[in-house]
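We count ligands from 1, going down the list as the structure has it; atoms in each ligand are counted the same way. These numbers were taken from a predicted model, which means no experiment stands behind them.
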Amino acid sequence: SSSSIISISSSSPTVLPPCPADPPGLVGPMRVEFDWRRTMEDVRRGSSAGLRDGGRYSPPDCVSRHKVAIIIPFRNRHEHLKHWLYYLHPILKRQQLDYGVYVIHQHGTTTFNRAKLLNVGFVESLKEYAYDCFVFSDVDLVPMDDRNVYRCHSEPRHMAAAMDKFGFRLPYKTYFGGVVALTRAQYMLINGFSNTYWGWGAEDDDMYKRIVRRKMTVSRPDSKVGMYKMVRHTRDAHNEENPRASSQLSLTAVTMDNDGINTLKYTVKRIDKDQLHTMILVDIHAQL
Ligand code: UDH
């Protein structure tokens, strides 16, 4: 009716309707180019509209169905983060998510531990807001189709189903790397991720084994919607292949109840709120 239209103004309190189940503004396949000339000013110009401090957003005209914390493990990849922010913010807004971006920055130069940083992101983001869904994303992965919505499903979701570096298909059937989404309940059921994979490799396979062990299955978008482009890079310093990976992986079922969110220890060194993200610098108590 006309009266309900008139009642919608920025000054009067209004009850927003729920967002539609299918976001109406999605565009489908997108061109993704990692142009090194892109500056942070370009990124801010294209991305900051509607964002609140710390990289927080909620749709202005409806109540989102999804409260999503996006967790990015990070150290010394500012170039990649720039591209990620440039592409993802506009996509996440079109997807009508109530979201926040958390960059979990490992302090120091000790061996990198991706999965432990993801656990820290889970705990720290929940201190800020009652997120019900957690998307764990590498900093160098950008989706090529915005129908790949950064939300959770009834089973843990592997979102990066078709990465360019693997010829736009899964490298193996049980692959659970790159970008994944779990609800708070799914995450708690597997005791989060392992804290003990220092260096490169197998922490994502460990996550997969936890999920199967708890009798869940993995869902994925199809290989068109699940396409991702990765920023090309060489192996980082202080992230050598983990020599213990395969022996650790053979014991996941035995160790998972005593290695995860219930044994997580770390020290937050500082929290910086940029308009495009919340950066949490953390000492993850590396002993190596
Ligand atoms: N990461 C960092 N800093 C590091 C290491 C890892 O931020 O020093 C994060 C980042 O989000 C990255 C993710 O952890 O996307 C995964 O780490 P990775 O990029 O090393 O893993 P990936 O499988 O690459 O993408 C493996 C090494 C590439 C070697 C290529 C040789 N052809």
- List the steps, then state whether side-chain contact (heavy atoms from CB on, under 4.5 Å) holds for F176 with R210. CA-CA 11 Å; F176 197 64; R210 288 173 182 238; over 6 Å; no
- Query: Step by step, would you call Y131 with Y187 a ring-ring contact (aromatic ring centres under 6.0 Å, His included)?
  - Reply: CA-CA 12 Å; Y131 293 107; Y187 181 93; over 10 Å; no
- Would K209 and D206 count as a salt bridge (Lys or Arg N to Asp or Glu O under 4.0 Å) if you check the C-alpha gap in whole Å, the side-chain angles of each, and the deciding distance to 0.1 Å? CA-CA 5 Å; K209 293 189 83 172; D206 181 273; over 6 Å; no
- Message: Please determine whether salt bridge (Lys or Arg N to Asp or Glu O under 4.0 Å) holds for the pair D35 and R37, giving the CA-CA distance in whole Å, both sets of side-chain angles, and the decisive distance to 0.1 Å.
- Response: CA-CA 5 Å; D35 186 343; R37 288 165 301 187; 3.1 Å; yes
- Show the numbers, then the answer: is there a side-chain contact (heavy atoms from CB on, under 4.5 Å) between Q95 and H66? CA-CA 10 Å; Q95 295 180 343; H66 311 284; over 6 Å; no
- Go through the steps for K224 and D145 under the test salt bridge (Lys or Arg N to Asp or Glu O under 4.0 Å), then give the verdict. CA-CA 8 Å; K224 274 209 170 59; D145 192 314; over 6 Å; no
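The nearest protein atom to atom 7 (O) of ligand 1, hydrogens excluded, is given as R75 N, 2.8 Å; this is a heavy-atom distance. Looking from atom 19 (O) of ligand 1 to the surrounding protein, the closest heavy atom is R77 NH2, 2.8 Å. Among protein heavy atoms, the minimum distance from atom 28 (C) of ligand 1 is reached at H233 CE1, 3.8 Å. Looking only at protein heavy atoms, the nearest one to atom 16 (C) of ligand 1 is D138 OD2, 3.5 Å. The protein atom (non-hydrogen) at minimum distance from atom 5 (C) of ligand 1 is D236 OD1, 3.3 Å.
To the nearest 0.5 Å, atoms CG (L92) and CG (L85) are separated by 10.0 Å. Going from atom CG of D205 over to atom OH of Y197 covers 8.0 Å, rounded to the nearest 0.5 Å.
Classified by interplanar angle (parallel below 30°, tilted 30° to 60°, perpendicular above 60°), the ring pair F134/F122 is tilted.
A side chain to side chain donor-acceptor pair (under 3.5 Å) with S219 holds for exactly one of R157, E155, H153; it is R157.
Residue-to-ligand polar distances place P73 within reach of ligand 1: an N/O pair is separated by less than 3.5 Å. At a 3.5 angstrom cut-off on N or O pairs, N76 does not count as close to ligand 1. Remark: ligand 1 and M230 share no N or O pair separated by less than 3.5 Å (distance only, no angle test).
Which parts of ligand 1 touch K165 is read off a 4.0 Å heavy-atom cut-off, strictly below it: atoms 22 (P), 23 (O), 25 (O). Atoms of ligand 1 found under 4.0 Å from any heavy atom of R235 (numbered from 1 in listed order, with element): 29 (C).
By the definition of a contact as any protein heavy atom under 4.0 Å away, atom 1 (N) of ligand 1 is in contact. Counting only heavy atoms, the protein never gets under 4.0 Å from atom 31 (C) of ligand 1.
Taking a 4.0 Å cut-off on heavy atoms, N239 registers as neighbouring ligand 1. By the 4.0 Å heavy-atom criterion, H238 is excluded from the residues contacting ligand 1. Ligand 1 is approached by D140 to a heavy-atom distance shorter than 4.0 Å. In this structure, H80 falls outside the shell of residues with a heavy atom less than 4.0 angstrom from ligand 1.
For the residues F112, F74, W84, W200, the heavy atom positioned nearest atom 26 (C) of ligand 1 is part of W200.
Heavy atoms of other residues, nucleotides or ligands lying less than 6.0 angstrom from CZ of R184 number 12 at most.
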